[in-house]
Student: 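The structure under discussion is supplied below as structure tokens; questions concerning it will follow.
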Amino acid sequence: MSHARTPAVATIDGPSGSGKGTISRLIARRIGWHLLDSGALYRLVALAGVRSGTAPDDQERHARIALGMRVVFGWGPDGGEQVCLEGEDVTAAIRSETAGQGASRVAAWPQVRAALLERQRGFAAPPGLVADGRDMGTVVFPGAALKIFLTATPEERALRRHKQLKDKGSDVSLPALSRGIAERDLRDRTREVAPLRPASDACVIDSTAITVEQVVGQVLEMGAARRLWQL
Ligand code: C5P
């Protein structure tokens, strides 16, 4: 009798601007694994809440949105990543700083987190999953074979986010962005459910003074050492 094996999972957690989105994408592409951008799900709940006129403090309705929203992660006509909510392309809309702040607010609610739990676990599929977020290694995939916690100084993270938003044509001032990131960090680290923190068995990588390629190299080495993939 054969038993279905749980697909392998590598988790990459860390605060906003630590580079986990970029690193996770590069690694998933390099090893041919699926990718879960869990932050996008929280951003989608916040956006769907605004679009449906849900009261900003109505946790229960936001949890229902989290359970029922129709989301498709795919590719757009230009070959870039595309996120659709109820059939509508919301790729740019969910990346704004406002959506990030909204996400951090709804993400503090236990009912919303519970509603997204199984949805997130559903992304695990052969040959494997790279899961990017805040609680991937602590709550969603506690049995993951490789757990990375990526950090960088708050100054460096604000600079990175600033560059990222400017490249997308968004005009946010650096001081305002720094304040926003500090607020979001504080809320993410101090909330009662699934606060942002490294899992006890996570490998912490400080990316402040090293390049994206160096971080990717380190993570690939760690996975290869655990025989998750070959280099
Ligand atoms: O990673 P990203 O910046 O897209 O996440 C947006 C917000 O969603 C975070 O500030 C955090 O509050 C929340 N989040 C979370 N748990 C995750 C991923 C994101 O609480 N696994």
Side-chain angles (χ1 to χ4, degrees), residues 9-25 28 35-50 56 59 62-63 65-66 69 71 73 81 83 85 90-124 129-142 144 147-152 154 156-158 160-165 168 170 172 177-199 202 207:
V9 177
T11 59
I12 305 189
D13 288 306
S16 172
S18 57
K20 61 194 165 45
T22 308
I23 308 289
S24 302
R25 275 177 180 75
L35 176 73
L36 165 61
D37 171 2
S38 61
L41 291 173
Y42 289 94
R43 288 169 182 264
L44 284 159
V45 173
L47 183 70
V50 170
Q59 300 191 31
H62 278 91
I65 288 173
M69 65 183 179
V71 175
F73 291 95
E81 277 179 25
V83 185
L85 173 66
V90 293
T91 318
I94 60 163
R95 291 296 155 209
S96 71
E97 231 3 64
T98 319
Q101 290 292 347
S104 159
R105 220 170 26 76
V106 302
W109 294 334
Q111 284 169 296
V112 169
R113 302 202 74 87
L116 287 181
L117 197 57
E118 288 314 313
R119 206 184 252 259
Q120 294 175 91
R121 289 183 176 153
F123 280 79
L129 176 72
V130 177
D132 151 2
R134 302 290 189 290
D135 62 340
M136 298 295 99
T138 49
V139 175
V140 183
F141 300 108
K147 298 180 184 179
I148 305 292
F149 192 84
L150 209 53
T151 62
E156 176 65 20
R157 293 192 283 114
R160 287 181 191 167
R161 279 293 290 159
H162 190 240
K163 181 173 181 317
Q164 216 175 36
L165 289 168
K168 284 184 185 148
S170 171
V172 190
L177 193 60
S178 298
R179 275 197 304 277
I181 285 189
E183 244 173 59
R184 189 132 73 95
D185 276 0
L186 183 70
R187 203 181 302 139
D188 289 350
R189 288 182 204 274
T190 56
R191 67 182 174 218
E192 278 178 24
V193 200
L196 170 66
R197 61 171 178 78
S207 73

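Values below: every heavy atom of this structure, side chains too, minus hydrogens, waters and symmetry copies. For ligands, and for the atoms within them, numbers begin at 1 and follow the listed sequence. Because the structure is a prediction, the values reported are computed rather than measured.
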Student: Among all protein heavy atoms, pick the one closest to atom 18 (C) of ligand 1 and tell me residue, atom and distance.
Tutor: Ser38 OG, 3.4 Å

Student: Report the part of Ser104 in contact with ligand 1, treating N, CA, C, O as backbone and CB onward as side chain, heavy atoms under 4.0 Å; options are side chain, backbone, both, neither.
Tutor: both

Student: With heavy-atom distances below 4.0 Å as the criterion, list the atoms of ligand 1 near Ala107.
Tutor: 12 (O), 13 (C), 20 (O)

Student: Does any non-hydrogen side-chain atom of Asp37 lie less than 4.5 Å from one of Glu81?
Tutor: no

Student: Of the protein's non-hydrogen atoms, which lies at the shortest distance from atom 8 (O) of ligand 1, and what is that distance?
Tutor: Tyr42 CB, 3.6 Å

Student: Could you list the atoms of ligand 1 found under 4.0 angstrom from a heavy atom of Ala103?
Tutor: 6 (C), 7 (C), 8 (O)

Student: Mark up the atoms of ligand 1 that fall under 4.0 Å of a heavy atom belonging to Arg184, in ascending order.
Tutor: 3 (O), 6 (C), 7 (C), 9 (C), 10 (O)

Student: Any N or O of Asp188 that comes nearer than 3.5 Å to an N or O of ligand 1?
Tutor: yes

Student: Just which atoms of ligand 1 are under 4.0 Å from any heavy atom in Met136?
Tutor: 21 (N)

Student: For atom 19 (C) of ligand 1, find the nearest protein heavy atom and state the residue, atom name and distance (0.1 Å precision).
Tutor: Gly39 CA, 3.5 Å

Student: Under the side chain to side chain contact (heavy atoms under 4.5 Å, CB included) criterion, do Arg25 and Thr22 qualify, and how do the steps go?
Tutor: CA-CA 5 Å; Arg25 275 177 180 75; Thr22 308; over 6 Å; no

Student: Please work out whether any backbone atom (N, CA, C, O) or any side-chain heavy atom from C-beta onward of Lys20 is under 4.0 Å from ligand 1, and answer side chain, backbone, both or neither.
Tutor: side chain

Student: If I compare all heavy atoms of Asp188 with all of Arg134, which pair ends up nearest, and what's the gap?
Tutor: OD2-NE, 3.4 Å

Student: Evaluate the side-chain proximity of Asp135 to Arg113: yes if any heavy-atom separation is below 4.5 Å, no if none is.
Tutor: yes

Student: With respect to atom 17 (C) of ligand 1, which of Arg134, Gln101, Arg105 exhibits the smallest heavy-atom separation?
Tutor: Arg134

Student: Can you tell me the protein heavy atom closest to atom 16 (N) of ligand 1 and the distance?
Tutor: Arg113 NH2, 3.0 Å

Student: What protein heavy atom sits nearest atom 4 (O) of ligand 1, and how far off is it?
Tutor: Arg43 NE, 2.6 Å

Student: Tell me if a side-chain donor or acceptor on Arg43 pairs with a main-chain N or O of Ile94 at a distance below 3.5 Å.
Tutor: yes

Student: Going from CD on Gln101 to CD1 on Ile181, what distance comes out if it is rounded to the nearest 0.5 angstrom?
Tutor: 9.0 Å

Student: State, yes or no, whether a side-chain contact exists between Leu116 and Met69 at a heavy-atom distance under 4.5 Å.
Tutor: yes

Student: Output, in order, the C-alpha distance, side-chain angles, deciding distance and verdict of side chain to side chain donor-acceptor pair (under 3.5 Å) for Arg184 and Ser104.
Tutor: CA-CA 6 Å; Arg184 189 132 73 95; Ser104 159; 5.5 Å; no

Student: Pair Arg160, Ser207 - check side chain to side chain contact (heavy atoms under 4.5 Å, CB included), show working.
Tutor: CA-CA 11 Å; Arg160 287 181 191 167; Ser207 73; 3.1 Å; yes

Student: Polar contacts were defined as any N/O atom of the residue lying under 3.5 Å from an N/O atom of the ligand; does this apply to Arg191 and ligand 1?
Tutor: yes

